[in-house]
Amino acid sequence: MRDKFLVAYRSIRERRARSILTVLGIAVGIAAIVALMSVGYGMEEAITGELTGMADMISVVPGRITGATYVELGSFTDRDVKDVQRIAGIKDITAMTYDAAEVEYRNERSPIFILGGDTKELGSFYVDPVGIKEGRWLRENDFKGCVIGDRVANDFFDEVIHVNDKLIINGEKFIVVGVFEKASTMYAADVDPHLFFTLRASQEVLQTDEVKYIMVRVYDIDEAEGIAEEIEEAINDNHGLDDFAMAMTMGSMIEQIGDVFNIIRGVLVGIAAIALVVASIGIMNTMLMSVMERTHEIGVMKAIGAKSSDVLSLFLLESSMVSLVGGVVGCVVGVIVAKVISFGAGAALGIEMTAVVKPEVLLGGMAVAMVVGVLSGFYPARKASRMSPVEAVRYE
Amino acid sequence: MIHTENLTKVYRMGDAEVHALRDVNLEIKDGEFIAIKGPSGSGKSTLLNMIGCLDTPTSGSVFIDNTDTATLNENELAEIRREKIGFIFQQFNLVHTLNAVENVALPMFFAGVRRDTRLKRAEELLVNVGLGDRVHHKPSELSGGQQQRVAIARALSNDPEVVIGDEPTGNVDTETGNAIMDILEGLNKEGRTIIVVTHDPEIAAHAGRTKRMRDGMVLD
């Protein structure tokens, strides 16, 4: 067997340029698969990873979320908040107001969403994961103070807003006491474009005592789904409606995201499969060329006593060696490409993202390379082995 | 012993049929040195290919040691080519990716001989044909005469009873041709059957018996 390897290796080496091209063909296909899969897993992990940190949270909204659209059906009442508080297994609860208002800064106006809630609770939801860049977080008695998100500070007005700058909302002056860091993807929509107030201040500014959003933390993540149902029931009872409140656990969101990622991965694998088909046509072409070119040599081998199976195994060995090398190169390149893409994408999106290289993806890549190599080498190899020795010898 | 019975080979070229061999009956005894002469197209190479089990007849049979080769399957024919027959071609037909000693060892490789054993024997065979100093040269680094001597060494690697040469001196100069014929004569003296096809009467003169062919038939 070792000898067959030697003979196969010789003929690969003899046709160096073409062997390298074939190896590259396979490598590109396998690298595409490995890279795309690893980036896909990396993305999924980056996002579910952040969500898992909030796995004990349940968000409750007065409306329905279907697909990407949110339909608000009204607002919660103080009674709703009190009833939810009574449900067993709940650690914290935060009631929040939420609405848009026109904000004026240095004679420039912009509509901005205002979020108000219990400062301690809001803080635990947002300050810990995002962080304060400038100033400090709200205190319970900050009736005239507010904290702003990164985009409010930097993007919404011509001039950048800093701590101690004054904003005017509905004719009242407020002082910026803190500015958030730029939030990661998971928190960006919640924090970056918002103004944060104490519950009382926000209710004054928005001239309402409506609660638009309740956030709940539970003690036991395993109970989250059950508690979410209880919350929906309690609030629906209060309003006499079947589908008024919607309570979403992070677990169910993670599941939904998982489904989305399965689709994304499917598409990525499809793209990679096309690359692989192209690569395998390349291998078959190379092997066919190799057989044609060596018709004479095959004839000589058969004339001096090689059996058809000897010729078949030599050619199969040759194509599987080429695909093995292609597979290894493909895996290495794929991992490097995946790391580069993840790093680039992570930097661009402002999130921590690393490619997740699963051993089964590497093994699968190698297996695919070998299968493709052997299959696409089989037809030419069989063709070679079936040649009549006298005709093959005569072939020049 | 090798003999043929009504050996016939017909090639089809489009609509035309070419009778390369017509009812050839030939007997070659063990240890004989026979030369088959004839102009090109007379069917002598076709006959040699049949005897060497490289080609199958349209009708009739080749018997090798009383075995009808027409009844053998492809693997059994390969085994005869490997074990009983050494083939020498006009074009040498060495494998150009392998060096001299590896070429000589190739039939032993297909016979499953261990690597060290077959390389040692291959080297001995090369020494015997006077190429002891060329064992690691590639065919492209050897002259025509040297390549043909490598081919002879290769033909002997599985110690066959029969050595077949298809114009073995056709591509070398006269002097080298005579040297090659001397080697073949030496092999004959060792007891091997030598069958050579040639159109050169001088070469045929080395043989113990000469047969002439024309139009696919063996004369006299």
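Throughout, a chain's letter reflects where its sequence line sits, starting with A, and its residues are numbered from 1.
Distance check: A:Ser38 OG to A:Glu45 CD gives 11.5 Å after rounding to the nearest 0.5 Å.
With respect to chain A, the highest number of heavy-atom pairs below 4.5 Å among B:Thr56, B:Ile80, B:Asp55 belongs to B:Asp55. By number of non-hydrogen pairs under 4.5 angstrom with chain A, the leading residue of B:Leu106, B:Leu77, B:Asn158 is B:Leu106.
Residues from residues 32-47 of chain B never place a non-hydrogen atom less than 4.5 Å from a non-hydrogen atom of chain A. Heavy-atom neighbours of chain B within the stretch residues 297-309 of chain A, taken at a separation under 4.5 angstrom, comprise A:Glu297, A:Val300, A:Met301, A:Lys302, A:Ala303, A:Ile304, A:Gly305, A:Ala306, A:Lys307, A:Ser308.
For a residue to count as touching a neighbouring chain, one of its non-hydrogen atoms must lie under 4.5 Å from one of that chain's; by this rule B:Glu74 touches chain A with the side chain only. Using a 4.5 Å cut-off between heavy atoms, B:Arg114 does not touch chain A at all. For A:Ser313, no part sits under 4.5 Å from any heavy atom of chain B, backbone or side chain. Proximity to chain A is absent for every atom of B:Glu83, based on heavy atoms less than 4.5 angstrom apart.
In this model, a donor atom of one side chain and an acceptor atom of the other lie less than 3.5 Å apart for B:Asp173 and B:Thr176. One side chain, B:Gln91 or B:Asn171, offers a donor N or O that lies under 3.5 Å from an acceptor on the other. Inspection of the A:His296 and B:Asn93 side chains reveals an N or O donor paired with an N or O acceptor under 3.5 Å.
Using a 4.5 Å cut-off on side-chain heavy atoms (C-beta onward), B:Leu94 and B:Lys138 make no contact. Contact of the B:Val196 side chain with the B:Pro168 side chain is registered, since non-hydrogen atoms from C-beta on lie closer than 4.5 Å. The shortest distance between side-chain heavy atoms of A:Lys339 and A:Thr354 does not fall below 4.5 Å.
For B:His199, the NE2 atom counts as loosely surrounded, since its 6.0 Å shell holds 12 or fewer non-hydrogen atoms of other residues, nucleotides or ligands.
Ion pairing between a basic and an acidic side chain is recognised when a charged N comes within 4.0 Å of a carboxylate O; B:Arg22 and B:Asp215 show no such pairing.
Residue pairs meeting the salt bridge (charged side-chain N to carboxylate O under 4.0 Å, His left out) criterion with at least one partner in residues 146-165 of chain B, sequence neighbours excluded, are B:Asp159-B:Arg192.
The heavy-atom pair separating B:Asn103 from B:Leu98 by the smallest distance is ND2-O, 3.0 Å.
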Kindly list each side-chain donor-acceptor pair under 3.5 angstrom involving residues 357-367 of chain A, sequence neighbours excluded, with atom names and distances?
none

